[in-house]
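To start, the structure itself, in structure tokens.
Just so it is clear, the structure is predicted and the values come from calculations on it, not from any experiment. Lettering follows sequence order; numbering is per chain, from 1.
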Amino acid sequence: MNAVAKPHPVDNVIEVRDLVNRFGTQTVHEHLDLDVRRGEILGVVGGSGTGKSVLLRSIVGLRRPTSGQVRVFGQDLQDLPPEQRSRVERRFGVLFQNGALFSSLNIVENVAMPLIEHAGLQRPDAQQLGGVKLALAGLPAGAETKYPSELSGGMVKRAALARALALDPEILFLDEPTAGLDPISAAAFDQLILTLRDALGLTVFLVTHDLDTLYTICDRVAVLSQKKVLVVGPLDEVAQCPDPWVQAYFHGPRGRAAEEAHERAPFTEVK
Amino acid sequence: MATGSAQLDATTTPPRLRVAGDWTLAHYGTLERAVDALKSRLDSHTPIDLSGLGTLDTAGAALLAGLLGARRLSDLASDDPTLPAAQRALLQTVGKAMAGYVEPKAKRRHNTATELLARIGAAMENVWHQQVRLLGFVGLTLESLFRTILHPRRWRVTSLVSHVEQTGLDAVPIVALLTFMVGAVVAFLGSTVLADFGATIYTVDLVAFSFLREFAVLLTAILMAGRTASAFTAQIGSMKANEEIDAIRALGLDPMELLVLPRVLAMLASLPMLTFLAMIAGLVGGGLVCAMVLDIPPVMFVNLVKSDIGVRHFLVGMAKAPIFAFLIAVIGCLEGFKVTGSAESVGEHTTSSVVQSIFVVILLDAVAALFYMEMGW
């Protein structure tokens, strides 16, 4: 979709209301509320085990919440009949933490699969377009025919991004996309997300620990702590939150370094 | 949304390429045909008008890049004022990616006869390598067995007991039921055939002979091959795929000692016990049919077995159990270690472990039958 996209009745593409997630006796989310606005890049941060990935899985409909509601494009996925649900799911792209590439397909087939299944392309077309997406995600030429088990961690991440982008989705869910990438690739990754967001009007839900990513591309940041969204807003507002964890996160040695780097060069074009 | 289009406008000189409408994935087929038709008619100096371009996504940008050539596209994207900045950035990014993208070469085709020969050759070579690896693995297992047997502190008793439970105790119901039913079937068969000779009493001998010597151990071994060899392969295989085996090695531990020995020993303990159980269940099944159909009461059945069947038949049957057990367990574990990264590979090797272990069991059983016959046992 274009940056000057058609107007949509709801401005929030994702609305999470009163979400409760429990595993046995362990409560991960308690009355959690969160909105994601159309066209924004929302960074979700939080300590390990605060339920960032669980939140992502609840939103994309992989996990039925214990109670509460998750509405995507104004619809609750859990209530939809399968056919309609699949139509909504086609508008997502999900990059899982470990890539989750299909191990029995090579990577260009991985990317071509949604194109064949959902966009109805012929196999040669789909593979060619898949090759372009892989190149876009930064994979070197000649890697297309490799199998996921033959790739390095960073290459798996990029191939998984190419698959998430295959259908040019409206919402992109990224679970720690830059973890395991070298800093140069991570910066290129950030740049790619920004370009795609601007050109396609993507909404990005980004779970990350990477402070540089937060400073470079996120419009808003949500902090998950104490089983709910502690604070959400533009980064400089969030960084002012008096909560000790937030203070330690943004004003610790790494936080300060990322902040300074961002102030020196707020936007660097990566060639 | 208007379908995207690309037309060569011949009214101007030189002809002008007009790109209009939505260039998105939804119109990929139409657009691709238009691009193919136009490609040959463009040269590097054709002026290009992108002002009618509507929505553009990465699929559309890729097609456009294919039409114009990556270099031309990025020149255009950097200085065409009619495009919004966001679309220019997208075109530039895709153009740059396309420049590095090389179309993969098509595989060379061989004719069918050579391919068939090559395949047969590869299969033969593969069989040979499998056998060599299996022998090697048997040696390795025995070596680690003797190495650990001297150090009781390194015995994995908990693991062993847990595997005995899974492979032995949990298999009791299925083994007992199956052999009970086969025992009954053999008795029925015997009574039908022997009735013509008035020799139905020998049904007892038939059931007892066949179960003590062959059926109990063979059926149990085949069941174990299907049930346990596959489980061993899948367990070890997913550990291999998940790099857990590497982690064990990196921790300075021995996967043979940790994973293989407990499984092999558990199998060595379970299979003979299950075989014994299978003999009893088979005799009970046969005895029941004898009592109900042939009017041979259970007491008479037992007496006949005692007087006609020597204990050597029992020993001959039992002697095969540990050998089968060892081979089934070793094949199951070895196939697990052969798994490579993918989920498909786990499935492939699980199948292979079941097929191989059943094959080996039946082959050895046939050899043993010949051997016992020659020896007069």
Subject >> Interatomic spacing from CD in E32(B) to CD in Q122(A) - rounded to 0.5 Å >> reply: 9.0 Å
**OP:** Please look at A137(A) and chain B and tell me whether the side chain, the backbone, both or neither of the residue comes under 4.5 angstrom of a heavy atom of that chain.
**Re:** neither
Subject >> More than 12 heavy atoms of other groups within 6.0 Å of F23(A) CZ >> reply: yes
**OP:** Check whether any side-chain heavy atom of T58(B) lies under 4.5 Å from a side-chain heavy atom of L136(A), and answer yes or no.
**Re:** yes
Subject >> Spatial distance of atom CG (L90(B)) from atom OG1 (T195(A)) [nearest 0.5 Å] >> reply: 8.0 Å
Subject >> Over 12 non-hydrogen atoms of neighbours within 6.0 angstrom of CD in E243(B) >> reply: no
**OP:** State, to 0.1 Å, how close S103(A) and A343(B) come at their nearest heavy-atom pair, and which atoms those are.
**Re:** OG-N, 2.8 Å
Subject >> Region of L101(A) that comes under 4.5 Å of a non-hydrogen atom in chain B >> reply: neither
Original post:
What is the minimum heavy-atom distance between D168(A) and A59(B), and which atoms define it?
Top reply: OD2-N, 3.5 Å
Original post:
CZ/R88(B) to CG/D198(A) distance, rounded to the nearest 0.5 angstrom?
Top reply: 12.5 Å
**OP:** State, yes or no, whether a side-chain contact exists between L129(A) and L25(B) at a heavy-atom distance under 4.5 Å.
**Re:** yes
Original post:
When you measure from the side chain of S104(A) to the backbone N and O of E344(B), does any donor-acceptor pair fall under 3.5 Å?
Top reply: no
**OP:** Check each atom of L167(A) against the heavy atoms of chain B and say whether the ones under 4.5 Å are side chain, backbone, both or neither.
**Re:** both
